[in-house]
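The structure appears below as structure tokens.
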Amino acid sequence: CPMISFSFIDTILSPIEDAMDSVLGNTIDPFTDRRYIAWLTVVSVAFNYNIWFTPVRLVFPIHTPVTIPFWIIVDIIVDIVNVIDVVLWQPRLQFVKGGDIIVSTILNSSVHCLFFLLGQMDMISIIPFDLLGVLFGFSAVFRLNRLLRIESFFEFSDRLESIMAKAYIWRVGRTTGYLLFMLHLNACFYYMASEYLGINSSKWVYNGQGTAYLRCYYFAVRSLINIGGLPEPGSVFEICFQMTNFFVGVFVFSSLIGQMRDVIGAATQGQTYFRASMDGCVAYMNMFYIPDLVQNRVRTWYNYTWDAQGMLDESELLETMPLVMRTAIGVDINFATFDKIALFQGCDKQMLVDMLLRLKSIIYLPGDFVVKKGDIGKEMYIIKGGEVQVVGGPDNSIVFVTLKAGCVFGEISLLQSAKDGGNRRTANVKAHGFVNLFVLDKKDLVEILVHYPNSQKVLAKKGRKLMKAKGPAAAKAEEDKKKGLALFGPKPPTPKLARVFGGFGKGGFLEKLKVQFSNSILFFSHNRFIWQKATYTIEISDRGSCFSPTFLQA
Ligand code: PCG
């Protein structure tokens, strides 16, 4: 770039650039910077003003001495927005060249800035041809170059779509806007044709009554949407105009309405897939006369899964992404939970990340057995939401422990080898309410651990410890203990000291002490032990102590 000094440009632009720098920083990332999208909204409003009003101003007689000052004011505001965008925002945007992100250096000197700007199409759009109006009269024709900024509208639309949670709302709105704009243009053409043929010169043309724009728009709606009921065209010109309208209406409107259907179809694609899967499954169950009870559970599973996660299979969605994205999402959602799991303490962090990527999400219904004692353990589970109970006893009525979100289960049998039968489940685990679980396959775990021998040792050691603490022998002792508790009822409350009083003998010496407690007492009744609420007094004297209970109403 030649080293020419444009000091006068520097003088004008420098303070504005400094101000922009202090607010926006030196460069803007157009993909992520929300301030850019906010600014694009303003630019897009300015563009829409130009594209909607320019044809109307060109055709309809709305430039009158009264309205012209208002048009000029709005034109100037809109033009200022465009100039700010082209001169101050666009050169600040980062862009990609040959795969490299170019953090623009254009702003470092006004010389670079000028060369950059001259290379931009947008520059043509801000040339103030309006000034020619001084010579040739005020007309919107001098503003046609403003329409070259159409790219800014599409850019706004793309950026907005990429950040909206429900982008289809915008897409439907935009397509509706296209339909209305086509009608708007057609209204302008109809008025132009009417003026060319002479207002009220035939039945077909606009008759000059009422609000011109409204009447012409009404004509456009009836003619482009092929509603019919229009005055018959008489001359060749009128017939050609009307036929063109019908053809344009058929092609443009059918494609726009098709586009609308695609947008709505894409928005409800998940819902349609869910419905189709459920219908298919119900039809299958009916074909094989599956009992109603099972059918209802399957339906409940479908409905709950859809309500809870808005899709039937999360992994299907993630599989389309490159590994690095899946890792980022997986780490963001689950790493904090994983990192806190006691079983994995001391394991390699990278191993945890590898595990995250292999997890599958699954939902169980209330009362479902996730794991059955004695089965071969092929998976371990991490609770994402809800609770499970480790149960035992003859009718699985004894709850050993309730596990909540963030807990792991099914790991004991998974970490044992099949050699001595250690790979069998040591307890029953039942879903308590709806429960959302992550499942890790034994095959996947083995594949991962091959790469992390130290973590493998840590887990093997923990597995042996767990087996000792919770394995079949320990489980049996635990079960016996719980059975005992079931026999003797719940744990009694700690005795509460109710009263202490002393008995004094001759000379005021303490001879005996009575201590009264209130508590529950275990006694045998109707062939079982029960806890009965009672107060009891213990009398202590030099002749020994005496215990006297008084039962209260249970
Ligand atoms: P696994 O594979 O034996 O299947 C049953 C699971 O229940 C077991 O692994 C443990 O992860 C889990 N569990 C949680 N608490 C206990 C307990 O107190 N005893 C037993 N046996 N298992 C428990």
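Numbering of residues begins at 1 and proceeds along the displayed sequence. For ligands, and for the atoms within them, numbers begin at 1 and follow the listed sequence.
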Nitrogen or oxygen of R424 less than 3.5 angstrom from that of ligand 1:
no
At a non-hydrogen distance cut-off of under 4.0 Å, which region of [X] contacts ligand 1 (side chain, backbone, both, or neither)?
X: F409; answer: both
X: V429; answer: side chain
X: T426; answer: both

Working for side-chain hydrogen bond (donor to acceptor under 3.5 Å, both in side chains), residues Q269 and Y168:
CA-CA 12 Å; Q269 199 179 13; Y168 68 90; over 6 Å; no
Less than 4.0 angstrom from a charged side-chain N to a carboxylate O is my criterion; do E161 and R174 meet it?
yes
Show the atoms of ligand 1 that are less than 4.0 angstrom away from any heavy atom in [X].
X: S413; value: 1 (P), 2 (O), 3 (O)
X: V371; value: 4 (O), 5 (C)
X: V401; value: 15 (N)

Step by step, work out the salt bridge (Lys or Arg N to Asp or Glu O under 4.0 Å) result for D122 and R149.
CA-CA 6 Å; D122 284 340; R149 300 236 59 210; 3.3 Å; yes
Using heavy-atom distances only, which candidate in E411, K373, K372 approaches atom 11 (O) of ligand 1 most closely?
E411
Of the listed options V388, V390, L466, I412, closest to atom 14 (C) of ligand 1 (non-hydrogen atoms)
V390
Answer yes or no: does atom CE of M325 have more than 12 heavy-atom neighbours from other residues, nucleotides or ligands under 6.0 Å?
no
Please work out whether the ring planes of F434 and Y304 are parallel, tilted or perpendicular, with thresholds of 30° and 60°.
parallel
Between F274 and Y302, what is the ring plane arrangement, given parallel below 30°, perpendicular above 60°, and tilted in between?
tilted
G410 near ligand 1 by a heavy-atom separation under 4.0 Å
yes
Do the side chain of D29 and the main chain of F31 share a donor and acceptor less than 3.5 angstrom apart?
yes
